[in-house]
Amino acid sequence: MPSAPVVALEKEDHQRDAEFKKVMHGESAKAAGGVAALLKKNTEAQQIAVDEYFKHFDNKTAEGETQADREARTKEYATLTRHYYNLATDIYEYGWGQCFHFCRFSPGEPFYQAIARHEHYLASQIGIKKGMKVLDVGCGVGGPAREIAKFTDAHITGLNNNDYQIDRATHYAVRDGLSGQLKFVKGDFMQMSFPDNSFDAVYAIEATVHAPKLEGVYGEIYRVLKPGGVFGVYEWLMTDNYDNDNVEHRDIRLAIEVGNGISNMVPISEGLAAMKNVGFELLHHEDLADRNDPMPWYWPIAGELGYMQSYLDFFTVVRMTHTARRILHGFAGVLETIGLAPKGTKKTADALARGADGLVAGAKKNLFTPMYLMVGKKPLN
Ligand SMILES: CC(C)=CCC[C@@H](C)[C@H]1CC[C@H]2C3=C(CC[C@]12C)[C@@]1(C)CC[C@H](O)C[C@@H]1CC3
C-alpha cells in the first residue's frame, strides 16, 4: 500500500469554530442525553456541517476513488473531523455512551465495566500515577479522561478540535465534581499549543486515526512529552493482510473511513514506523484484537446479542442491532420531514451504520484492528 502523501497543516481559526459551535449547537451541550441534544440543533448550521463532511464521500466508491480524492480529504483533515463530530457526537452518546472507543470483553463482565477496564489497562501500561500531568489526545466528551482521573488521581488535560465535544466534556466534569483534575483544551493535535516537555505521560484512545499522517501527531506528542515520559495509544490500523490492489479490501476501508470521519487509514507497518521515526523507543506493541478472547471486540456493533454478559446491558446493545438501527434511523428520517430533527440526521446515522458494517467486515476478515497498542518512551537525552 502506498504511504500517505506528506500533508500540510490546516490553518486553525478558533474564533470561527467557536462561533459555528454556538450557532449549530446552542445550549445543547447541557442536554441530558444524546437524543435530547440532537433535537436542539440549528438546521442551517447542521446543513453546512453535512455538506462540508459528505462532499468528501458522496458518490465515491472504492473502484472510482482517485489519489486526488484522498489527498483532498487529507488536506482538509481538521475540518472533516470537526464536522464529523459536529454530526456524530449525539448519536454516539445515544448509541454507545460517553467513552468513544471499543474494548476487549471478558466472561461475566458487563459492557461499561469492559470499557472502563480497557482504559485502566492503558493507564497502567504507561504508568500513570497520582499527581502526574497527563495529556489525553483527542479526548471526545471526556469519558475516558474522567475514568482515568478517578482511577489514578492524575491531572488530565484533554485536547480536542471539536468545540461541542469540549463543552460536553466540561459539563460532565463539573457534574462529576472532577473540575479540579480535568481541563479541556481546543486545538489541532497536528499543531499543539503546549510548550515542549510539558507532560509526564500522554495517551490517545482511538483518536489519532483522524490524523492525515501519523508522524505528524506522534511527532507533536513526542515534543510535548517530558524526556523519560511514556506515550500509549490504541490505534485504528489496517492489518498487514490489507491489500490495496483488492477492491473488496479498499471498499471495507472506505466504509470505515466514511462512517468514522477518517481521511486516510494506514496499515500497522506505517503506525510502527511513525512511532520510531519521530524518536520513540518502542517498549511494547501488540494487536489486542489478536488475543483470542472468547467474545470479539465488535460483537455489540455486529448486534451479536448472544455474547451479552449481563441482562442489564440489553438496553444498551439492542440499539446497535440492524433492526433497531433501521427503525431508529427511519424514525429520524420522519422527524426530519416534519421538522423536528435537523436535516442530515438520518444521512449521518446511516453513514455511521455503514461504517459499523465496514468495521465488522474488516475485523472478520482480519484486515482491521481498533486496538493496536503501542507504548513508546521519549529517551532521556
Ligand atoms: C471514530 C473513532 C475513531 C472511534 C469511535 C468508536 C466507536 C465509539 C464508534 C464507531 C462506530 C460507532 C457507531 C455507533 C456508536 C459509536 C461507534 C460504536 C452507533 C451504534 C450509534 C447508534 C447508531 O444508531 C448506529 C451507530 C453505528 C456506529
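Order of listing sets the numbers, starting from 1, for every ligand and every atom in it. Position 1 is the first residue of the sequence; numbering continues from there.
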Plane angle bin for Y84 and Y92 - parallel if under 30°, tilted between 30 and 60°, otherwise perpendicular: perpendicular
Parallel, tilted or perpendicular: rings of H210 and Y85 (30°, 60°): perpendicular
Non-hydrogen side-chain atoms of T345 and L335 separated by less than 4.5 Å: no
Note, R146 side chain near R175 side chain (heavy atom, < 4.5 Å): yes
What atoms of ligand 1 come within less than 4.0 Å of a heavy atom belonging to [X]?
| X | result |
| --- | --- |
| W96 | 8 (C), 15 (C), 16 (C), 18 (C) |
| I301 | 18 (C) |
| Y85 | 1 (C), 2 (C) |
| F100 | 4 (C), 5 (C), 6 (C), 8 (C) |
| A356 | 27 (C), 28 (C) |
| M320 | 20 (C) |
| H101 | 8 (C) |

Nearest protein heavy atom under 4.0 Å from atom 14 (C) of ligand 1, yes or no: no
Within-cutoff protein neighbour (heavy atom, under 4.0 Å) for atom 19 (C) of ligand 1: no
Just need the protein heavy atom nearest to [atom], so name the residue and atom and give the distance.
| atom | result |
| --- | --- |
| atom 12 (C) of ligand 1 | Y92 CE1, 4.1 Å |
| atom 24 (O) of ligand 1 | H329 NE2, 2.7 Å |
| atom 3 (C) of ligand 1 | E206 O, 3.1 Å |
| atom 28 (C) of ligand 1 | L352 O, 3.4 Å |
| atom 2 (C) of ligand 1 | W236 CZ2, 3.4 Å |
| atom 11 (C) of ligand 1 | N260 OD1, 3.7 Å |

Y84 near ligand 1 by a heavy-atom separation under 4.0 Å: no
Quick one: look at [X] and ligand 1, take heavy-atom pairs under 4.0 Å, and tell me if it's side chain, backbone, both or neither.
| X | value |
| --- | --- |
| V209 | side chain |
| L328 | neither |
| Y234 | neither |

For [X] and [Y], does a side-chain donor sit closer than 3.5 Å to a side-chain acceptor?
| X | Y | result |
| --- | --- | --- |
| K41 | S28 | yes |
| H25 | D163 | no |
| H14 | D17 | no |
| H329 | D350 | yes |

Aromatic ring proximity F199/F194, centre distance under 6.0 Å: yes
Within the 6.0 Å centroid threshold, strictly below: F280 and Y218: no
F102/W96 under ring pair (Phe, Tyr, Trp, His ring centres under 6.0 Å): CA gap, chis, key distance, verdict: CA-CA 10 Å; F102 293 107; W96 193 262; 5.3 Å; yes
Over-ring placement of K378 relative to Y222, 6.0 Å and 45° cut-offs: yes
